[in-house]
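All remarks here apply to the structure that follows.
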Protein chains: 2
Amino acid sequence: MPDREAAQDQAISAAEDLFYSRGIQAVGMDAVRDASGLSLKRLYQLFPSKEALVLQFLNRRDRQWRQALAHHVDTHTTPEEQVIAVFEWLHTWFSKPDYRGCAFINSFGELGGISPEVVAQARRHKQAFRDYLVALVTATGRPATLGDQLVLLAEGAITTAAITGTSQPATQARDAARLLMLAYSRHDRAHSDGSQ
Amino acid sequence: MPDREAAQDQAISAAEDLFYSRGIQAVGMDAVRDASGLSLKRLYQLFPSKEALVLQFLNRRDRQWRQALAHHVDTHTTPEEQVIAVFEWLHTWFSKPDYRGCAFINSFGELGGISPEVVAQARRHKQAFRDYLVALVTATGRPATLGDQLVLLAEGAITTAAITGTSQPATQARDAARLLMLAYSRHDRAHSDGSQ
DNA sequence: CGCAGGAGAGAACGCTCGTTCTCGCCTCAT
DNA sequence: ATGAGGCGAGAACGAGCGTTCTCTCCTGCG
């Protein structure tokens with residue numbers, strides 16, 4: 001049996017392309033077989049069901065997405081630059097020709113009403129992103145409240161870029177983020193906000 | 001034939017509940033029949049296919065959503081209050097017990113990869129919302145650029161509220177909107193931004 | 001009163017899809 | 001070399017779904 005781990009990666013990688021571009025329910029296991037080069041038999045001995053494959057796909061997507069973001073952010077040094085770098089990275093993401101929004105938002109929209117596991121996975125992913133951004137923001141000495149607001153800008157940019165098919169929302173969000181950073185750099189040092 | 005128009009409304013209304021709560025592909029025409037009280041035969045003489053019913057559902061949702069928003073905004077008088085009223089209305093929307101995000105974002109995530117009509121419908125809806133918010137913003141004497149940024153806050157709040165299951169994002173977005181309004185009320189009167 | 005026409009209930013049809021089974025082939029230990 | 005075991009290819013199976021058909025009943029008009 002040639003490398004169970006490698007075969008799983010191969011399957012998830014093929015499934016990722018298909019699920020992300022066409023949606024989950026629109027992709028049959030036959031399509032995953034064709035794209036991965038693995039037989040149906042092998043697919044089903046690597047994953048007990050399609051749902052398991054879907055969850056693995058989301059899992060891997062979460063890991064890779066956050067890693068790619070962190071990798072770009074780490075190329076900047078000051079905390080302020082790192083916060084802005086998040087929106088720069090969004091811009092390069094949106095510019096990819098096959099960009100079709102956030103896989104977790106899409107999966108939530110498609111399966112959130114019938115699959116609690118998908119909801120939980122989406123929630124975990126968004127929570128992790130929030131925690132990451134809030135950490136970057138608090139590193140600049142600003143309150144977590146600002147971090148939550150920047151999360152909303154980022155999420156809004158993600159869906160708006162997907163639906164309009166442009167990458168412009170990233171720069172709009174970045175500009176708004178700059179203004180909010182500025183607003184929180186002034187007088188918000190004395191009275192605490194008591195949020196989170 | 002008792003009122004073709006009324007029967008269509010009945011069908012679309014039933015479909016709306018089902019599609020919104022469970023997703024589109026997860027709802028069969030049998031479920032629409034049971035929920036609407038109409039027979040399958042009647043459904044198919046009212047709509048040529050399920051896809052037509054889906055598009056009518058989105059159409060109606062778009063009309064009602066924008067009308068409800070405008071209705072609430074119109075209860076306020078000054079342009080500044082009206083802009084903020086948008087986020088107040090989002091809060092009441094998010095607080096509905098069966099809230100599950102924006103039907104257009106969800107449909108886009110589910111069918112955007114395989115149905116150009118759904119993509120077009122989502123694009124129209126979001127464009128109309130953008131135009132509306134930008135009009136409110138420019139009525140305050142501020143640039144359209146700010147309107148685009150507030151759109152991102154609203155969109156981000158919509159998806160974040162859906163996934164986290166809280167209505168808090170509405171107030172976070174409202175606070176951020178207030179700060180951005182403030183930022184644009186100061187020095188941005190002399191040098192134009194040349195956007196839009 | 002009788003009949004034609006339309007409506008509803010539900011069976012039926014054809015297709016798709018998730019999942020499993022069959023069969024033939026290749027590999028490798030003895 | 002040989003037999004057994006595991007693999008790939010694809011057929012098969014069962015369920016679900018979009019769509020249509022059948023049959024029966026009700027209604028309304030002559």
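Numbered from 1 within each chain, the chains take letters A, B, ... in sequence-line order. What you see below is based on every heavy atom in this structure, not just the backbone, and it leaves out hydrogens, waters and symmetry mates.
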>> Test side-chain contact (heavy atoms from CB on, under 4.5 Å) on B/Val83 and B/Met181; report intermediate values, then the result.
In response: CA-CA 9 Å; B/Val83 170; B/Met181 297 261 287; 3.9 Å; yes

>> The test is side chain to side chain donor-acceptor pair (under 3.5 Å); show your working for B/Gln121 and B/Asn59 and say whether it passes.
In response: CA-CA 8 Å; B/Gln121 200 98 359; B/Asn59 216 34; 3.2 Å; yes

>> With side-chain contact (heavy atoms from CB on, under 4.5 Å) as the criterion, how do B/His125 and B/Trp65 come out once you've worked through the C-alpha distance, each side chain's angles and the decisive distance to 0.1 Å?
In response: CA-CA 10 Å; B/His125 173 75; B/Trp65 189 88; 3.5 Å; yes

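In this structure, the separation between CG on A/Leu90 and OG1 on A/Thr171 is 11.0 Å, given to the nearest 0.5 Å. Atom CD of B/Gln127 is separated from atom OG1 of A/Thr164 by 9.0 Å, given to the nearest 0.5 angstrom.
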Produce the list of close N/O pairs, under 3.5 Å, pairing protein atoms with atoms of nucleotides 9-16 of chain D; give distances to one decimal.
none

Can you name the atoms? Protein N/O to nucleotides 25-27 of chain C N/O, anything below 3.5 Å, with the distance.
none

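Partner of B/Gln82 under the side chain to side chain contact (heavy atoms under 4.5 Å, CB included) criterion, out of B/Thr140, B/Leu136, B/Val137: B/Leu136 alone.
A heavy-atom distance below 4.0 Å to DNA chain D is reached by none of the residues of residues 110-120 of chain B. Sorted by residue number, the members of residues 20-31 of chain A with any non-hydrogen atom under 4.0 Å from DNA chain C read A/Val27, A/Gly28, A/Met29.
Residues A/Val118 and A/Phe104 share a single hydrophobic cluster, defined by chaining ILVMFWY side chains whose heavy atoms lie under 4.5 Å apart.
Across every non-hydrogen atom of A/Glu110 and B/Gly109, the tightest pair is OE1-O, 4.2 Å.
Not counting sequence neighbours, the partners of A/Phe94 by the ring-ring contact (aromatic ring centres under 6.0 Å, His included) test are A/Tyr99. For the ring-ring contact (aromatic ring centres under 6.0 Å, His included) test, no residue two or more places apart in sequence or in another chain qualifies with A/Phe47. Evaluation of the ring-ring contact (aromatic ring centres under 6.0 Å, His included) rule for A/Tyr132 yields no partner, not counting sequence neighbours. With sequence neighbours excluded, the residues that form a salt bridge (charged side-chain N to carboxylate O under 4.0 Å, His left out) with B/Arg178 are B/Asp175. When the salt bridge (charged side-chain N to carboxylate O under 4.0 Å, His left out) test is applied to B/Arg124, no partner is found at least two apart in sequence or on another chain.
Here D/dC21 presents its P atom at 19 Å from CZ of B/Arg42, a figure rounded to the nearest Å. The distance between atom CG of B/Asp34 and atom P of D/dC17, rounded to the nearest whole Å, is 12 Å. Rounded to whole angstrom, the span from the CG atom of B/Leu43 across to the C1' atom of C/dG8 amounts to 12 Å. One interatomic measurement links the two molecules: CZ of B/Phe19 to C1' of D/dG18, which rounds to 12 Å at whole-angstrom precision.
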Can you give me every donor-acceptor pair (side chain of residues 153-162 of chain B, partner residue at least two apart or in another chain, under 3.5 Å) with its distance?
residue, atom, partner, partner atom, Å
B/Glu155, OE1, B/Lys126, NZ, 3.0
B/Glu155, OE2, B/Lys126, NZ, 3.3
B/Thr159, OG1, B/Gly156, O, 3.4
B/Thr160, OG1, B/Gly156, O, 2.8

Under 3.5 Å, side-chain donor or acceptor atoms of residues 11-33 of chain B against the rest of the protein: list the pairs with distances, not counting sequence neighbours.
residue, atom, partner, partner atom, Å
B/Glu16, OE1, B/Arg60, NE, 3.0
B/Glu16, OE2, B/Arg61, NH1, 3.1
B/Tyr20, OH, B/Arg100, N, 2.6
B/Tyr20, OH, B/Gly101, N, 3.2
B/Tyr20, OH, B/Gly101, O, 2.7
B/Ser21, OG, B/Asp17, O, 2.9
B/Ser21, OG, B/Leu18, O, 3.4

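Taking only side-chain atoms of B/Tyr44, from C-beta outward, the nucleotide of C/dT20, D/dT19, D/dC7 with the closest atom is D/dT19.
Between the two ends of the helix from C/dC1-D/dG30 to C/dT30-D/dA1, each summarised by a five-pair axis, the helix axis turns through 20° (rounded to 10 degrees).
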